Chemist: 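First, the structure itself, so that you have it in front of you.
Both counts, for ligands and for their atoms, begin at 1 and track the order of listing. Owing to the predicted nature of the structure, the values given are computational and were not obtained by experimental measurement. Residues: numbered from 1 along the sequence shown.
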Amino acid sequence: MNIATASERPTQAAPARVERFDVLIVGAGISGVGGAYHLRTQCPGKTFVVLDSLESFGGTWLTHRYPGIRSDSDLYTFGYRFKPWVGAPIASAAEILKYMGEVIEENDLARHIRYRHRIDAASWSSEDRAWTIDVTRTDTGETLRFVANFLWMCQGYYRHSEGYTPQWPGMDRFQGRIVHPQTWPEDLDLAGKRVVVIGSGATAATLIPAIANDCAHVTMLQRSPTYFITGRNANDLADQLRDLEIPEEWIHEIVRRRILKDQANFTRRSFEEPEVVKKELLAGVRAFLGPDYDVDRHFTPHYRPWRQRIAFIPDGDLFRGLRSGKASVVTDEIEQFTAQGLLLKSGAVLDADVIVTATGFNMNVLGDVAFTVDGRPLDVSSTVGYRGTMFTGVPNLAWVFGYFRASWTLRADLIGDFVCRLLRHMDAKGAKVVTPTLRPQDAGMPLLPWVDPDNFNPGYLLRGMPALPRRGDRAPWHHTQDYWSERNEFPAADLDDGLVYR
Ligand SMILES: Cc1cc2nc3c(=O)[nH]c(=O)nc-3n(C[C@H](O)[C@H](O)[C@H](O)COP(=O)(O)OP(=O)(O)OC[C@H]3O[C@@H](n4cnc5c(N)ncnc54)[C@H](O)[C@@H]3O)c2cc1C
């Protein structure tokens, strides 16, 4: 992982034109578009702009174009609180983009968003009480400058330009093609090809059934198994309510509550009775694969359920592919790449024409932007998070980092409300600057990793953790990743506790 790239860029010469806004939102993904909606509706007097380096909105759902790309959360909770979802719970990237497009159109947000604007640097000046943001237009190379009082970082958690590919010996010898799902080539023709997908997470599980019918054979090569949960891509409660012609706004709210209750129950059970939950999950897999399949070897993880995200397999499509013989699973480790494919640690050989590295992301903290605060480069890892959304010593900046176990957007909406409340609070106080600052009683507070690695530990997070802020052991410095406590804590947060105004 490389988080120093942006800070190594040379400082730009001042462009002729400078634009000023109250708030600048970085990113037009689900969080940034949500942020724009919340500002429009909750702080109508504020001027704002949304900048994104991509050519359109959508973030994750625009970047990822591999076959089958879809959500693994249900869209009743991944969708915004304020815009009903009316389709099947699991949605394709195209359906999510359509939904986001409607949000932009219905709320007249397009005029606030500028695409192909990459933010390279952001410097806070206490004297000016503002951020200066240096931007490069990715289409023309032109450099631009913006000044904003408040920065709302909605840049997600991984670098969009490239995925994470581990380096294995012999990769340069391989005569076929190596592809990362994050940069899926448009010209890739899989007809008649032997494909190996390295990885066992949601991306591999989505991709494999989507390509199984096109290629000669697809093998999922995994070092260790992952938990999967199977089910119909339908929501019975939503269907019943629709049958009764209940308004979509009500259906959205009722179904969200039902799903969130069920998820909370499932998470609680994963901690309280992990063996029972494990049995249930494996029974779901066995129901598709039959009694002769080696579920112990290929689908029984070594960790307890929910330490990593559990991928949803709608209608068991991955397992149907395995049963049909068009796909298979190998649980082994790569010794090295060869000219024809892969040599595994067991001595087995996997021949391949195309190798897909579904090996995850390069986590990037704060969008690879070179931050300075009053001339000093900002090292986020030396700060303490305020409710997992602001940082000690960093004025007028909020970051949206969603949930792992629940839909990302639930937290994006909570933070949206919080930021708008904070901006209104500043106005009421006549303050231009708000800075999270440890209180006297926090002296000596133990500083913990951003997320408890014993609680949740996917690879990208463990790789990225050293660059992330620290976490305290008490409010407002903790970061619980628990929707059920945060949905009460954020609206009730005392905005004069741990925040210093000027
Ligand atoms: C394949 C895949 C499937 C996923 N499925 C789910 C799911 O089902 N449920 C779930 O909850 N989560 C899921 N996630 C996590 C997902 O990333 C988030 O849920 C969510 O889409 C993140 O939205 P975001 O707007 O915060 O960030 P992103 O979607 O990452 O968007 C960030 C935007 O910021 C822009 N940006 C970043 N840095 C800069 C910069 N310096 N200058 C200008 N622009 C910048 C990027 O171009 C991008 O458009 C998935 C992730 C992936 C990769």
Chemist: Give the residue, atom name and distance (to 0.1 Å) of the protein heavy atom nearest atom 9 (N) of ligand 1.
Modeler: Ser73 OG, 2.6 Å

Chemist: Under a 4.0 angstrom heavy-atom cut-off, which atoms of ligand 1 come close to Val369?
Modeler: 41 (N)

Chemist: Out of Thr206, Asp368, Ile119, Leu54, whose heavy atom sits nearest atom 40 (C) of ligand 1?
Modeler: Ile119

Chemist: Among protein heavy atoms, which sits nearest to atom 34 (O) of ligand 1, and what does the distance come to when rounded to 0.1 Å?
Modeler: Gly27 CA, 3.2 Å

Chemist: Is Asp368 salt-bridged to Arg159, cutoff N-O under 4.0 Å?
Modeler: yes

Chemist: Taking the minimum heavy-atom distance to atom 46 (C) of ligand 1, which of Asp52, Leu410, Asn364 ranks first?
Modeler: Asp52

Chemist: Among Arg116, His117, Gln155, Arg159, which residue places a heavy atom closest to atom 36 (N) of ligand 1?
Modeler: Gln155

Chemist: When you check the side-chain N and O atoms of Tyr403 and Glu486, is any donor under 3.5 Å from an acceptor?
Modeler: yes

Chemist: For His38 and Asp413, test the side chains for any donor-to-acceptor distance below 3.5 angstrom and give the result as yes or no.
Modeler: yes

Chemist: In terms of atom number and element, which parts of ligand 1 are under 4.0 angstrom from non-hydrogen atoms of Ser31?
Modeler: 23 (O), 24 (P), 25 (O), 26 (O)

Chemist: Quick test: of every protein heavy atom, which one is nearest to atom 4 (C) of ligand 1, and how far off is it to 0.1 Å?
Modeler: Trp61 CH2, 3.6 Å

Chemist: Examine Arg463 relative to Tyr164 and say whether NZ or CZ is less than 6.0 Å from the centre of the six-membered ring and inside a 45° cone about the ring axis.
Modeler: yes

Chemist: In terms of atom number and element, which parts of ligand 1 are under 4.0 angstrom from non-hydrogen atoms of Gly367?
Modeler: 38 (N), 41 (N)

Chemist: Quick one: look up the protein heavy atom nearest atom 10 (C) of ligand 1 and list residue, atom name and how far away it is.
Modeler: Arg309 NH2, 3.1 Å

Chemist: Show which atoms of ligand 1 fall inside a sub-4.0 Å distance from at least one heavy-atom site of Gly59.
Modeler: 29 (O), 31 (O), 48 (C), 49 (O)

Chemist: Ring centroid separation for Tyr227 and Tyr303, is it under 6.0 angstrom?
Modeler: yes

Chemist: Side chain, backbone, both or neither: which part of Phe57 has a heavy atom under 4.0 Å from ligand 1?
Modeler: neither

Chemist: Should Phe361 be listed as contacting ligand 1, given a heavy-atom distance under 4.0 Å as the test?
Modeler: yes

Chemist: Any luck finding a side-chain donor-acceptor pair between Thr267 and Trp306 under 3.5 Å?
Modeler: yes

Chemist: Checking His180 against Thr357: is there a side-chain donor and acceptor pair closer than 3.5 Å?
Modeler: no

Chemist: Which heavy atom of the protein is the closest neighbour of atom 11 (O) of ligand 1, given with residue, atom name and distance?
Modeler: Trp408 N, 2.8 Å

Chemist: Ring centroids only, cut at 6.0 angstrom: are Phe401 and Trp450 within range, meaning strictly under it?
Modeler: yes

Chemist: Using a 4.0 Å heavy-atom cut-off, which part of Thr60 comes near ligand 1: side chain, backbone, both, or neither?
Modeler: both

Chemist: Numbering the atoms of ligand 1 from 1, which are under 4.0 Å from a heavy atom of Ser407?
Modeler: 11 (O)

Chemist: For atom 27 (O) of ligand 1, find the nearest protein heavy atom and state the residue, atom name and distance (0.1 Å precision).
Modeler: Gly156 CA, 3.2 Å

Chemist: How about Trp399 and Tyr386: are their ring centroids closer than 6.0 Å?
Modeler: no

Chemist: If you take the centroid of each ring, where Trp contributes its six-membered ring, are Phe78 and Trp408 closer together than 6.0 Å?
Modeler: no

Chemist: Using heavy atoms and a threshold below 4.0 Å, how should the contact between Tyr403 and ligand 1 be classified: side chain, backbone, both, or neither?
Modeler: neither

Chemist: Using a strict 4.0 Å cut-off to heavy atoms of Tyr66, name the atoms of ligand 1 that fall inside it.
Modeler: 1 (C)

Chemist: Indicate, as side chain, backbone, both or neither, the part of Cys154 found under 4.0 angstrom from ligand 1 when only non-hydrogen atoms are considered.
Modeler: backbone

Chemist: Knowing that exactly one of Leu190, Ile178, Val197 qualifies, which makes a side chain to side chain contact (heavy atoms under 4.5 Å, CB included) with Val354?
Modeler: Leu190

